[in-house]
Amino acid sequence: MRSSVLRRTCTAAVATALAVTGLAACNSEGGSAADGKTRITVNCWPQPSAKIDHQRFDEDVKTFEKQNPDIDVVAHDAFPCQDPKTFDAKLAGGQMEDVFYTYFTDTERVVSINQAADITEYVKDLKAYKDIAQPLRDAYTVDGKIYGVPRTNYSMGLLYSKALFTKAGLDPARPPATWPEVQDAAKKIAALGDGTVGFAEYSAQNQGGWHFTAHIYSQGGSVVSEDGKKAAVDTPEGRAVLQNLKDMRWRDNSMGSKQLLIINDTLQMMGSGKLGMYLAAPDNVPRIVKEAGGKYEDLAFAPMPGGKGTLMGGDGYMFNKKATPDQIRAGLKWLEWTFLTPGQGYMNNYARAAADKSPVGLPEPRLFTGATDAKDQELKKASANVPVENYRAFIDGGQQLDMKLEPKHGQQIYAVLDGAVSAVLTKKDADIDQLLKDAQSKIDGILSRG
């Protein structure tokens, strides 16, 4: 275990200055140490403010290093794990950690600018890799070569407050199943007054474009053509997305006056009892409880309204192109130990998580298949400590939906669609047809660059 000096994060330096010297320090800790150990830098260590998560991650690093005395893991804390404002700068400077966090949507771009190591010949040593669901493995595969390892996956649904549903005269056991039903429920919840918002939506920091994609999937549409070469947002489905949001914002006044929201805003709104519904993945539930004072028993999930489709995505880790073979092998050992072994490590030690009063049993899509999945489900069920009945509709209804991965070049596309979503939520006279036409053209430009 290295000193606290070596464990300092470079996030602040990157965010404030992006100076070359500051960036270089971020990656200077990797490589071979004087003591002969293989040293790897890894990001996405929970910040100290998340006391339990930070402590458990640190404990796991120490345990892993004890079991693998030839490896030294140097963790960098960060929240969020990937900040679009610093991620691109670190990539461009070639100064990512040896093992760095990415979304599925980042894969092709990171590979295209030659910032990722090809790990194809190394993953054969990962016992659990063959049991990771094939679509998730495909998310880190480009032209037949493997560049990353999935860590988690998710699908979107409708997160809602049972307390506000009851207070507004709605049946919390019968959540909205269509977008007109969402509109109606949102109006009734907003009518409670006292700053209560019926439905909220993101519209900044790429998050609005991400949720536009979820919306259009729910309408049966897509943001790109099936062959991935052309945009597909200037369509009846895309129009329905923006019109629905515009109607709730300006006609129904059910979305509140504060806009340009991001995830932290909705977490606080839901936790304080002032928000009825928003689109989310199940990992929002523990954050609402831990960060915003919410209660597990009050938070319920329904499948994506519309009954046609939903967005699924996920995250994982890639390897710096400068990583040595020894660092790649060490990094894969670390990823398997802490993220890919049922009952063990930061992600899957369910008994420990339950003892920490962290949630076990949230309705997440399965990462694994086969024997690894069977073991994972067995251990998770044994330690479940959340009201799983609150998620029954999400689990049952989600099986009927078309699960669609995020588009390639997703973050760039989301940045474009942010503008369309923010416009309809902040401008009463926003021209939906023009917004979609402009977005279509810009996304075509992104896709044309390959």
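A pairwise comparison of heavy atoms in Ala420 and Leu435 identifies O-CD1, 3.9 Å as the closest pair. Between Ala163 and Asp298, the shortest heavy-atom distance links the atoms N-OD1, 2.6 Å. Taking all atoms of both residues into account, the shortest heavy-atom contact from Ile328 to Ile119 is CG2-CG2, 3.8 Å. Taking both residues in full, the closest heavy atoms of Ile216 and Ala232 are given as CD1-O, 4.1 Å, listed atom of the first, atom of the second, then distance. Residues Gly273 and Leu164 share a closest heavy-atom pair of O-CD1, 3.6 Å. Annotation for Val223 and Pro407: closest pair CG2-CG, 3.6 Å, computed over non-hydrogen atoms.
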Check: Hey, mind stepping through Glu65 and Val73 against side chain to side chain contact (heavy atoms under 4.5 Å, CB included) and telling me if it holds?
Finding: CA-CA 7 Å; Glu65 289 179 335; Val73 178; 3.9 Å; yes
Next item on the list: Might you work through the side chain to side chain contact (heavy atoms under 4.5 Å, CB included) test for Leu245 and Phe199, ending with a clear yes or no?
Entry: CA-CA 9 Å; Leu245 292 174; Phe199 181 86; 4.2 Å; yes
Next item on the list: Take Ser225 and Asp227, measure what side chain to side chain donor-acceptor pair (under 3.5 Å) needs, and give me the verdict at the end.
Entry: CA-CA 5 Å; Ser225 60; Asp227 62 9; 2.6 Å; yes
Check: What's the verdict on side chain to side chain contact (heavy atoms under 4.5 Å, CB included) for Val42 and Val61, showing C-alpha distance, side-chain angles and the deciding distance?
Finding: CA-CA 11 Å; Val42 180; Val61 168; over 6 Å; no
Check: Which is it for Lys308 and Leu401 under the side chain to side chain contact (heavy atoms under 4.5 Å, CB included) test, yes or no, and what are the steps along the way?
Finding: CA-CA 5 Å; Lys308 294 182 180 179; Leu401 300 179; 5.8 Å; no
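Distance alone, capped at 3.5 Å, is enough to place a donor-acceptor pair between the Arg137 side chain and the Ile132 backbone. Using modelled atom types, one side-chain atom of Asn385 and one backbone atom of Val360 make a donor-acceptor pair closer than 3.5 Å. Side chain of Ser254 to backbone of Met248: a donor-acceptor contact under 3.5 angstrom is found. Judged by distance alone, the side chain of Thr324 and the main-chain N or O of Gln327 form a donor-acceptor pair under 3.5 Å. Asp106 places a side-chain N or O within 3.5 Å of a backbone atom of Tyr103 that can act as its donor or acceptor partner. Between the Glu336 side chain and the Lys127 main chain, a donor and an acceptor come within less than 3.5 Å of each other. Remark: side-chain polar atoms of Asp131 are paired, donor with acceptor, to backbone N or O of Thr372 under 3.5 angstrom. Remark: side-chain polar atoms of Arg287 are not paired, donor with acceptor, to backbone N or O of Asp283 under 3.5 angstrom. Proximity of a side-chain donor or acceptor of Thr102 to a complementary backbone N or O of Tyr317 within less than 3.5 Å is not detected. Side-chain atoms of Asp98 never come within 3.5 Å of backbone atoms of Asn320 as a donor-acceptor pair (strictly under, hydrogens ignored).
Side-chain contact between Phe165 and Met277 is present, with at least one heavy-atom pair separated by less than 4.5 Å. The shortest distance between side-chain heavy atoms of Leu158 and Leu279 falls below 4.5 Å. A heavy-atom distance below 4.5 Å is found between the side chains of Gln377 and Arg366. The side-chain heavy atoms of Phe394 and Thr310, taken from C-beta on, include no pair separated by under 4.5 Å. Looking at Asp418 and Tyr414, their side chains never come closer than 4.5 Å, going by heavy atoms from C-beta outward. At least one side-chain heavy atom of Arg56 sits less than 4.5 Å from a side-chain heavy atom of Ile52. Side-chain contact between Tyr278 and Met270 is present, with at least one heavy-atom pair separated by less than 4.5 Å. Residues Asp376 and Leu367 are not in side-chain contact: their nearest non-hydrogen atoms beyond the backbone lie 4.5 Å or more apart.
A donor-acceptor pair shorter than 3.5 Å can be found between the side chains of Thr105 and Gln411. For His211 and Glu201, the side-chain atoms include at least one donor-acceptor pair closer than 3.5 Å. No hydrogens or angles considered: a donor-acceptor pair under 3.5 Å links the side chains of Asp315 and Tyr101. For the residue pair Thr120/Asp118, the side-chain donor-acceptor check at 3.5 Å is satisfied. No side-chain N or O of Asn349 forms a donor-acceptor pair with one of Gln344 less than 3.5 Å apart.
Partner Lys90 forms a side chain to side chain donor-acceptor pair (under 3.5 Å) with one of Glu97, Gln82, Gln115, Gln95 and no other, that one being Glu97. Only one option out of Arg39, Lys66, Lys62 pairs with Asp72 in a salt bridge (Lys or Arg N to Asp or Glu O under 4.0 Å); it is Arg39.
Between Tyr346 and Phe57, the gap from one ring centroid to the other is short of 6.0 Å. Taking the six-membered ring for Trp, Tyr140 and Phe104 have ring centres closer than 6.0 Å. Taking the six-membered ring for Trp and the full ring otherwise, Trp45 and His76 have centroids separated by 6.0 Å or more.
Using cut-offs of 30° and 60° for the angle between ring planes, the Trp334 and Trp337 rings count as parallel. The aromatic rings of Phe100 and Phe87 are tilted relative to each other, their planes meeting at an angle between 30° and 60°. Between Trp210 and Tyr202, the ring planes lie parallel to each other; the angle is under 30°, not in the 30° to 60° tilted range. Between Phe301 and Tyr391, the ring planes are perpendicular. Angles over 60° get that label, and only those under 30° would be called parallel.
Under a cut-off of 6.0 angstrom, the local environment of NZ in Lys124 is crowded, with over 12 non-hydrogen atoms contributed by other residues, nucleotides or ligands. More than 12 heavy atoms of other residues, nucleotides or ligands shown are found within 6.0 angstrom of NZ on Lys380. Other residues, nucleotides and ligands contribute over 12 non-hydrogen atoms within 6.0 Å of the CD atom of Gln134. Within a 6.0 Å sphere centred on NZ of Lys274, heavy atoms belonging to other residues, nucleotides or ligands number more than 12. Around atom NZ of Lys408, no more than 12 heavy atoms belonging to other residues, nucleotides or ligands sit under 6.0 Å away.
How far OG of Ser155 is from CG of Leu405: 11.0 Å, rounded to the nearest 0.5 Å. Atom NZ of residue Lys229 and atom OG of residue Ser448 lie 12.5 Å apart, to the nearest 0.5 angstrom. For the atom pair Phe368 CZ and Asp373 CG, the distance stands at 8.5 Å (nearest 0.5 Å). In this structure, the separation between OG1 on Thr338 and CG on Asp60 is 4.5 Å, given to the nearest 0.5 Å. Residue Thr341 holds its OG1 atom at 12.0 Å from NZ of Lys375, rounded to the nearest 0.5 Å. Annotation: the span from Met269 atom CE to Leu261 atom CG amounts to 5.5 Å, rounded to 0.5 Å.
A cation-pi contact, defined as under 6.0 Å to the ring centre and within 45° of the axis, is absent between Arg329 and Tyr122.
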